[in-house]
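One structure is given here, and the rest of the page talks about it.
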Amino acid sequence: MIWFVAALLGMAAIAWVFRFAGQTVTGNAPRFRDMPYGVAYGYVLGTVVVLWLAWAYMQGRSEDTAIANKFFFLRIAIEGFIIFAIAAWLFRILGRTVGTAWSRKMFRSMPLTASFGILTILIYAVLTVFSGLIAPHGQEEILQGVAANVPAGTDPNYPFGTDQIGRDMLSRLIYGAQNTVGIAFLTTVLAFLLGGTLGFTAAVFGGWLDQILSRAVDVLMAIPSLIFALLLMTIASVWAPQLGIPLTVFMILIIAIIDSTRVFRLTRAVGQTIVVMDYIEAAKLRGEGHGYLVFKEILPNATAPLLAEFGLRFCFVFLTIAALSFLGVGIQPPLADWGTMVRDLGNLIAFAEYAPLAASVPLLAAGAIALLTVAVNFVVDWMLHKSSGLKE
Amino acid sequence: MSEEPLVKIRGIKLEGRSDETWSPIINGVDLTLARGEVLGLIGESGAGKSTLGLAAMGYTRDGVRISEGTVEFDGIDLLSASAATKRDLLGKRIAYVAQSAAASFNPAHKLIDQHIEGPVQHGVNDRSASEEDGIELYRKLRLPNPEEIGFRYPHQVSGGQLQRAMTAMAMSCRPDLIIFDEPTTALDVTTQIEVLASIRDIVEQYNTAAIYITHDLAVVAQMADRIKVLLKGDEVETADTRTMLSAPTQEYTKSLWAVRSFERPQKPAVATGAVPVISVQNVDAAYGKVPVLYDVSFDMHSGRTVAVVGESGSGKSTTARCITGLLPPTAGQIMLDGEALPPDYRKRSKDQLRQVQMIYQMADTALNPRMSIGQIIARPVQFYLGLTGAEKRKRVDALLEQIELEPTEYYNRLPSELSGGQKQRIGIARALAAEPKFIICDEVTSALDQLVAEGILRLLARLQDQLSLSYMFITHDLATVKAIADEVVVMKDGRVIEQGQKDEMFRPPHHAYTDLLLSSVPEMDPDWLTNLLAERGVDNIGDAAVDKM
C-alpha cells in the first residue's frame, strides 16, 4: 500500500518536472505552456505502463520456464496485438491500392481499427463458408491411434492438440465457425426481417397498431432475455423430438424473436425521425402506397443505423448462442461449437501455471468468440461514426 | 478615438478541413475596429462571415485553422496568447451572441443563473451584485417584467425575448467587443425590429464595439457604422455605411443592392364570376382540441399568385395543410375548379392529388437524400402520367431544362451535391412533373441568399406565365410579396385580417396590423430605424404593439 502511494506521488513529481523541463527547453512553446497538469500526469502514467509491459514481455521470453509460464499469456497477447496491427495496416494499404475508386476512397479514410475488423470478419467468413475444405479432419471424427488431450503445440500433425475424446482441435475450431457464426448470422437476419418490418410498419401507420406492437414488445423485453431463452429452450427440447424438428431450428426461432424486440425499437425510432421529413409528406401527398414509402423512401435513409445495429446485434446473438451452448441447451454435440468447447475443456484452465499450452485449448475457442466480437464492434463504431457525419 | 484600434486583423487566412484536405475559407482579409465602432459583415452563406467573426476572438470552430496572419485585440496577440490569457479575455472583454438563442441557452437552467456565470467566474461581481445588474440590463433591453423574467427557464420566454436575454448576458461583464452572429435571422419582422432597437441602444450606451454579421442588407444598414462585404473568403469592399449604400464601387456590391428591384407588374383583377382553381371556404381547423384557424376564406385563380403573409403561428402553413388534405378542416371546405375536395388526402383521387402540388421551405428535408435527381423528378412522371423508359427520361430532361439545369450534368447527382438554390429548383421540377394547376410555395425563398432567392422568384414567375399556374405563396417577407404577388392575404392568430389586390394592399389605409407589419420591414435607409422609433416611440413597435391590438 505504502509502495503504491509512493509510486503515485513519485509519478506526480515526475509529471511536474516533465512539464517544467518541456517549458524551459522549448522556450515556452504553446504545446507545453497550455498543457494541463492532468495531461502531463497522463503522459507519465502511459510511459510507466508501456515500460512495465515491455519488462513483462521480456519475462515471458525468459529461459526459466517457471517465470516464462507466468507471463505466457501476456506474451501471446502482446505478440498477437502487434501481428494483428501489422496485418490490419498491410490490409489497409492493399485496400488503398487495389479495387474500385469507391473502395479505395473508403480505405483512405478508414481507421486502423476498422481495417482490422474488416480483415478479421473476412477471415471468419472464409472459414465459415469453406470449413469443409479447410479443416484437415471431420468435426465428429475421433482420430484413431491418437491420445486424447494432446496439448497444443506438441504434435505437428495436430497443431492445437486434441480434445478429451481425441478429436482434432483445429478442425473443430474451424467447424465451430460454421456452426456458431453461420447460425448466429441466420438468426440475426431473421430477427431483422421480423423486427424491421414491424418497426417500420409501426412508424408509418402510428396510432393503435403502433400501440399494440410497442406494448407487446415492452412485455417481451421486460423478461430477462437469457432466462427467457433458457426457459423456452427447455420447453422446445421436449417438443423437438416429438415433432421431429432439430432443436437448432427452435433455437434460431427463439433467439430471433427475442432479439427482434430490440430491432423493433430501433427501426421504429429511426423510422419515426424519417417519417416526419418533408419528402415523406410529399410522397404521401402524391398518393404513394405504404410499400413504396417503406422500401423506397424510408429504408434507404435508415441503412446506416440499421447496418450498425446489425453488427452489434450479431455479436449479442452470437454470445447468446455461445452462452446457451455453454449451459447445455444450445447447439448439441457432436456438432462443434465454441461455446460447448469452452464448457467441455474449461477445467484445463486450472493447469495454466504449469502447462500454459494445455490450458490454452479452451481459451482458443473463447478467444475466437472474443476476437470476432471485438472485430465486429470496431467496424460498427466506424460505420456509426461515418453515418453520424462526425469529423475528428 | 485617436488611440490604437481595438481589433486589428492583418492578412488572415483560414482553412477548413474536409476529407483529409485543407481548403481555404478566408484568403487574407484585413479588419480594423475602433473602440465603440460597429462593423457590419455581410455576404452570402459560405462567404466566411461567421468564420471571420469568430477569428476576431482568436477562436476557430472544429476542423478550421488559422494558417496565416495576425489577430490583435487591444494590443494582445490572440493567436500566440496562452490559454490562460484567452480565458481571461473571452466572456469578460469579448462576448459572442449566437444566431439561435434557443439552441444556445442551456434548457435546464434559469436565465439569470446563466447570466451571472460570466461575471462570477471572472470575478467581476459577486452573485447578488450580478443578479441586480442582470435585472438592470433586462430593463435596459426593454424585456417585459425585468424583475421576474430572469427566473424563468429558456422555454418559458419567446424567441425575441431570448435573443435579448442573450445580448444582456453578453453585456454582463461590460465587454469591449461583442460579436453578433445573425442575431435576428430566425425572428419575425415585428420581433426583429424590437431586438434591433434594443441592441443598438445598449451598444451605444456602453460604447461597446461590435461586429455585426448578417446577410440582410437592410438590417446592417440600421446597425453598422461601417460595412465590409465578403465574397467567397475575399473582401470585396469596405466603406462607411452611408457611402456604401449610396455609392458602392464594386460590381458585386451593386448586384447585392439591386436584388430587391425585381417586381412583377400587377395583373388586372380577375373577371367576376370566374371559377377559382382553389377556393378556401369558411375553413376552421384544429390540432387536436386546440383551434388554430377561424373562418378562413379566399380564392386563388389560374395564372395568379396569392401571397399569404403573417408571423409564425398565424396559421399560414396550417391553411396549406388544410388545402393539401394533411389536416382535414373541422368546418368549411376546399373547392378545386368548383368541386368540393374530400377533406382527407387519403380519400382524394389520383387526379385530384396531381392538381395540388407543394414546394417546401427546406429543400434539404424535402428531397430524399438517397435518391438521385433523376429518380426524384421521374417518380411523379411515372406515377401520374404513366410514362416509362425513354419517354420518361425525355420528360425529366425537359423538366430539368425548364428549371435551367443541364440534364446530362445533373440527372445522376444526389441532392447533397447541389447548392441550396439548385435543390430548391429540383423541388420546383418535382412539383411541375405532376403537371398541376395549383402549387403551394411554403416560404420557398426564406432559406436562400438574396441573389439566389431572386433567381427562384424569376423562375417561378416565368413558369407561371408559360403554364398559367396558380400559386399560393406563403411568406413572411414583404419584399417577396412585392416582387411576385397579385393578391395578398394577411393572417393573424388564425384569422384573415385583410385581403385584396397587391397595389391596394401596399397603399394606405390599412388594417392596423397590416400597417405594423409593413412598417416593420427594414429598409435600405440608414435612418429608417431612427425615424421609425421617433415616429412611433419605443413602446409602439414589435411584439409590444402587437399585444396592444
Side-chain angles (χ1 to χ4, degrees), chain A residues 23 26-39 96 104-111 204-207 270 273-307 386-387 389-392, chain B residues 16-21 61-64 79-87 320-321 323-326 345-354 356-371 375-376 379-380 382-384 414-416 426-427 430-431 433-434 436 440 442:
Chain A
Q23 283 168 349
T26 58
N28 219 12
R31 180 167 186 78
F32 286 105
R33 185 192 62 195
D34 293 339
M35 183 187 283
Y37 181 70
V39 172
R96 282 176 183 176
R104 282 208 301 270
K105 185 166 184 266
M106 188 181 76
F107 272 99
R108 257 201 302 282
S109 64
M110 188 185 284
V204 172
F205 281 88
V270 170
T273 59
I274 299 173
V275 160
V276 296
M277 290 291 182
D278 287 340
Y279 55 85
I280 303 294
E281 191 185 296
K284 276 184 183 170
L285 286 178
R286 203 186 301 142
E288 302 281 8
H290 284 287
Y292 179 87
L293 280 182
V294 169
F295 290 107
K296 289 287 170 63
E297 299 276 358
I298 299 178
L299 193 59
N301 289 292
T303 35
L306 285 190
L307 269 180
K386 269 183 65 150
S387 73
L390 291 172
K391 296 267 183 281
E392 304 304 290
Chain B
R17 188 187 162 90
S18 62
D19 283 343
E20 314 236 314
T21 56
R61 292 210 174 97
D62 273 351
V64 177
L79 298 188
S80 59
S82 71
T85 317
K86 275 202 214 171
R87 255 200 310 277
R321 287 174 70 85
I323 296 174
T324 54
L326 282 168
Y345 75 93
R346 293 188 202 90
K347 303 232 162 60
R348 293 183 187 176
S349 74
K350 210 164 167 179
D351 198 54
Q352 284 170 333
L353 287 170
R354 182 176 69 81
V356 179
Q357 290 295 314
M358 188 141 177
I359 307 171
Y360 295 85
Q361 175 178 12
M362 306 300 294
D364 287 319
T365 61
L367 305 178
N368 190 332
R370 298 285 164 154
M371 281 192 182
Q375 285 174 308
I376 289 172
R379 181 62 196 177
Q382 185 184 349
F383 187 76
Y384 289 125
L414 289 174
S416 54
I426 302 301
R430 181 176 60 187
I440 297 170
D442 190 355

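Here is how names work: the chains are called A, B, and so on, in the same order as the sequence lines, proteins then strands, and each is numbered from 1. All values reported here derive from a predicted model rather than from experimental measurement.
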For the pair B:Arg370 and A:Leu299, evaluate side chain to side chain contact (heavy atoms under 4.5 Å, CB included) and give the outcome as yes or no after the intermediate values. CA-CA 10 Å; B:Arg370 298 285 164 154; A:Leu299 193 59; over 6 Å; no
How close do A:Gly287 and B:Leu353 get, heavy atom to heavy atom, and via which atoms? CA-CD1, 3.6 Å
I need the B:Met362 CE to A:Tyr279 OH distance, nearest 0.5 Å. 13.5 Å
Counting only non-hydrogen atoms closer than 4.5 Å, does B:Ala431 touch chain A with its backbone (N, CA, C, O), its side chain (CB onward), both, or neither? neither
Taking the side chain as C-beta and beyond, is there a heavy-atom pair between A:Met277 and B:Asn368 under 4.5 Å? no
Check the pair B:Arg379 / A:Glu297 against salt bridge (charged side-chain N to carboxylate O under 4.0 Å, His left out), numbers first and verdict last. CA-CA 11 Å; B:Arg379 181 62 196 177; A:Glu297 299 276 358; over 6 Å; no
Side-chain touch A:Arg286/B:Arg430, heavy atoms, less than 4.5 angstrom: yes
Whether over 12 other heavy atoms sit under 6.0 Å from A:Phe295 CZ: no
Side-chain (A:Asp278) to main-chain (B:Tyr360) donor-acceptor, under 3.5 angstrom: no
Between B:Gln375 and A:Lys296, is there a side-chain heavy-atom distance shorter than 4.5 Å? no
Which answer fits B:Ser349, side chain, backbone, both or neither, if we ask what part of it has an atom under 4.5 Å from a heavy atom of chain A? neither
With only heavy atoms counted, which part of B:Arg87 is less than 4.5 Å from chain A, the side chain, the backbone, both or neither? neither
Does the side chain of A:Leu285 reach to within under 4.5 Å of the side chain of B:Tyr345, using non-hydrogen atoms? yes
A:Arg104, CZ atom: more than 12 neighbouring heavy atoms under 6.0 Å: yes
Interface residue of largest heavy-atom contact number with chain A, from B:Gly325, B:Ala366, B:Ala84, under 4.5 Å: B:Ala366
